[in-house]
J.: 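Handing you this structure, nothing more for now.
All residue numbers in this chain count up from 1 along the given sequence. None of the values given here were measured: they were computed from a predicted structure.
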Amino acid sequence: KHGAKCIVELCRAMLEVDPTIEFIVDGHGETFQAALLAREELGDKIAYFVFHQYTPWRVTEILRNGKSVPIESLSQADVWHAWVATPEFDADGLAVFSNPLVAQARQKGLRIAVTEWNWNGGWGNKQLARNSALDSALAKGVGAAGFLHALMRAGDVVDIGCQSMLVGNSWPIHAIYADREGKEPPYFMPSGQATMLYSHHHGRDRLQVVAENVPTFEQPFKMGDIQPWEKLACLDAVATAGEAAVFFHVINRSFDRACAIEIDAAKMGPLGMKAIHHMLTGRLNDAPEEGEPVQVAEIVDTEIEYDGRTLTVTLPPRTISIIEMPRQK
C-alpha cells in the first residue's frame, strides 16, 4: 500500500502540471500489486504496466540435467541452438513470453509496454569465450527475432515494445555499432537488423497460422537464463496483413537444415502473381576475414513468381525471412 500511495501522489503532482499525461508503471513481480492499487485510484491515467526482458545475461556455466558440462564438448550447432532459444516457448515450440504480467493483463483488461527487451548477454568469462566453438552476433540476431514473435503473439495486450539499445560500442546488443573514436563508419548489428526487417515489412493485423509437419529439435542446455526445452520449432511463423499486402514472417532456427515450405494463401483474399522474399542472412564469425565486410549480416530481397494462391519457398538455415505477398490492385 505504501508503494501504491507513492505512485499515486507522484502521478497527481505531475497531473497538476499537465493533466493530459498518461503513465507507464512498473508491473513486474512484486510491484504489480502496488501498480494495480494505484490504478484503482487513477484509472486509465495509468495506461500501461511494464515488464523488461533480457536473456540470457552472462553465461558463466553450462548445465545439462543439472550437471556442469565442459564448453569444449559443445559443437557450433549446440551453442547456436541454445542461443536462439529465446525468450520462452509454448507446447508447439513457438516463441512466447511466460512473464506473469501477460496473463494478468488478459485477465484484468490491462495494457502492457515492454519498454526494454533484447537478446542481452554472452560468455561470462574469457575462458568460456576462448574455448567455445561459437560466439555469434548472428545467433543473437536470430534470438532477437524470437522476441519479436513473442511480442506479436502477445499483441492483444502488448502495445509498446522498445528494443534496447539503438547505438553503442561496448555492450554487444546495440542495433548500430559506432566507433567511439570515429576511425571506422558505423554499421548495423544483426539484432538491430532483425527489428528493422520487421519494421519495414509487416501488417497491422495478425492472422491465424495453421502449421503442419514442422520439424523440431531438442535444446538440452541451460546457459544463464536460457532454459532447456524438449521441443523447439525449427520454423517459427507469424502472419500479418495490411491493406496492400500479406506478410509471412518465419525464423529458421536450424543450424544446418534448409526447409522447404508451402504457404497456402487462398484464404487471404485475391493476391498478385509475384511475392518478395526479404531475408536476413549472415556469417557465423563476428570478426571479418580477409575480403569480408565488417557487417556480419545483410538483408537480401528476391522476387518470387507464383499462382497467387500457393507459394513454395526454401528457407536456408540460420535465417529470418519475411515473404511479402502483395494484394491484387
Side-chain angles (χ1 to χ4, degrees), residues 1-57 86-90 94-121 143-168 171 173-175 191-192 194-196 198-199 202-207 225 227 238 240-242 249:
K1 291 183 178 180
H2 175 70
K5 183 178 180 180
C6 291
I7 294 171
V8 169
E9 293 303 317
L10 178 61
C11 290
R12 284 177 173 165
M14 295 175 69
L15 287 167
E16 288 182 4
V17 178
D18 184 351
T20 68
I21 291 175
E22 293 183 336
F23 298 95
I24 297 176
V25 179
D26 190 352
H28 185 70
E30 296 178 356
T31 63
F32 174 72
Q33 290 300 326
L36 201 61
L37 289 172
R39 190 172 186 270
E40 291 178 3
E41 293 285 330
L42 297 169
D44 290 342
K45 281 298 178 182
I46 294 185
Y48 298 104
F49 284 53
V50 170
F51 71 87
H52 296 168
Q53 186 143 348
Y54 293 114
T55 305
W57 298 106
T86 55
E88 293 99 22
F89 294 86
D90 64 13
L94 302 175
V96 294
F97 286 122
S98 64
N99 191 289
L101 185 56
V102 175
Q104 291 164 333
R106 287 171 175 152
Q107 293 170 2
K108 300 180 181 297
L110 308 175
R111 310 306 300 171
I112 294 175
V114 186
T115 50
E116 292 184 32
W117 69 265
N118 210 342
W119 199 112
N120 180 10
F147 279 80
L148 291 168
H149 282 212
L151 285 166
M152 289 194 285
R153 290 193 173 101
D156 56 318
V157 291
V158 174
D159 289 349
I160 298 173
C162 301
Q163 186 180 27
S164 171
M165 61 181 65
L166 179 59
V167 180
W171 284 17
I173 66 168
H174 35 264
S191 58
T195 300
M196 180 173 65
Y198 282 68
S199 177
H202 73 278
R204 180 181 180 276
D205 300 313
R206 185 163 73 90
L207 305 178
D225 285 348
Q227 301 300 316
V238 177
T240 62
H249 315 260

J.: Report the distance from atom CG of Leu110 to atom CD1 of Ile46, rounding to the nearest 0.5 Å.
T.: 10.0 Å

J.: Do Phe147 and Thr55 pass the side chain to side chain contact (heavy atoms under 4.5 Å, CB included) test, and can you show the C-alpha distance, the side-chain angles, and the key distance before you say yes or no?
T.: CA-CA 10 Å; Phe147 279 80; Thr55 305; 3.9 Å; yes

J.: Distance check, rounded to the nearest 0.5 Å: Trp119 atom CH2 versus Ile173 atom CD1?
T.: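 Going from the CH2 atom of Trp119 to the CD1 atom of Ile173 covers 10.0 Å.
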
J.: Taking Arg206 for the side chain and Met152 for the main chain, is one N or O donor matched with an acceptor at less than 3.5 Å?
T.: yes

J.: Kindly say whether the aromatic ring centers of His149 and Phe89 come within a distance under 6.0 Å.
T.: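 Between His149 and Phe89, the centre distance exceeds or equals 6.0 Å.
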
J.: Kindly indicate whether the side chain of Met14, heavy atoms from C-beta on, has any atom under 4.5 Å from the side chain of Val17.
T.: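 No, their side chains stay 4.5 Å or more apart.
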
J.: Shortest non-hydrogen contact from Ala150 to Pro87?
T.: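 That closest heavy-atom pairing would be CB-CG, 3.8 Å.
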
J.: Heavy atoms, side chains only, cut-off 4.5 Å: are Trp117 and Gln163 in contact?
T.: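 Counting from C-beta outward, Trp117 and Gln163 do come under 4.5 Å.
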
J.: Between Gln227 and Asp225, is there a donor-acceptor pair closer than 3.5 Å when you use the side chain of the first and the backbone of the second?
T.: yes

J.: Is Lys45 reaching over with its side chain to a backbone N or O of Arg12, donor-acceptor style, under 3.5 angstrom?
T.: no

J.: Enter the distance from Leu148:CG to Thr195:OG1 here, rounded to the nearest 0.5 Å.
T.: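 If I round to the nearest 0.5 Å, the distance is 4.5 Å.
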
J.: Distance check, rounded to the nearest 0.5 Å: Glu41 atom CD versus Ile7 atom CD1?
T.: 11.5 Å

J.: Between Ile112 and Tyr48, does the side chain to side chain contact (heavy atoms under 4.5 Å, CB included) criterion hold? Intermediate values first, please.
T.: CA-CA 5 Å; Ile112 294 175; Tyr48 298 104; 6.0 Å; no

J.: Atom CZ in Arg204, atom OG1 in Thr240: separation rounded to 0.5 Å?
T.: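 Answer rounded to 0.5 Å: 12.0 Å.
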
J.: For Val157 and Arg106, work out which heavy atoms get closest and say how close.
T.: CG1-CG, 3.6 Å

J.: Scan the side chains in residues 95-104 for donor-acceptor partners under 3.5 Å anywhere in the protein, sequence neighbours excluded, and list what turns up.
T.:
from  : atom 1 : to     : atom 2 : distance (Å)
Ser98 : OG     : Glu88  : OE1    : 3.2
Asn99 : OD1    : Leu101 : N      : 2.9
Asn99 : ND2    : His28  : ND1    : 3.1

J.: Could you go through the side chain to side chain contact (heavy atoms under 4.5 Å, CB included) check for Val25 and Arg39 one step at a time?
T.: CA-CA 9 Å; Val25 179; Arg39 190 172 186 270; over 6 Å; no

J.: Just verifying a value: how many Å separate Ile24 CD1 and Phe49 CZ, rounded to the nearest 0.5 Å?
T.: 12.0 Å

J.: So which atom in Leu15 and which in Ile21 form the shortest heavy-atom distance, rounded to 0.1 Å?
T.: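 Looking at all heavy atoms of both residues, the closest pair is CD2-O, 3.7 Å.
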
J.: Which atoms form the tightest heavy-atom contact between Ala34 and Ala4, and what is the distance?
T.: O-CB, 3.4 Å

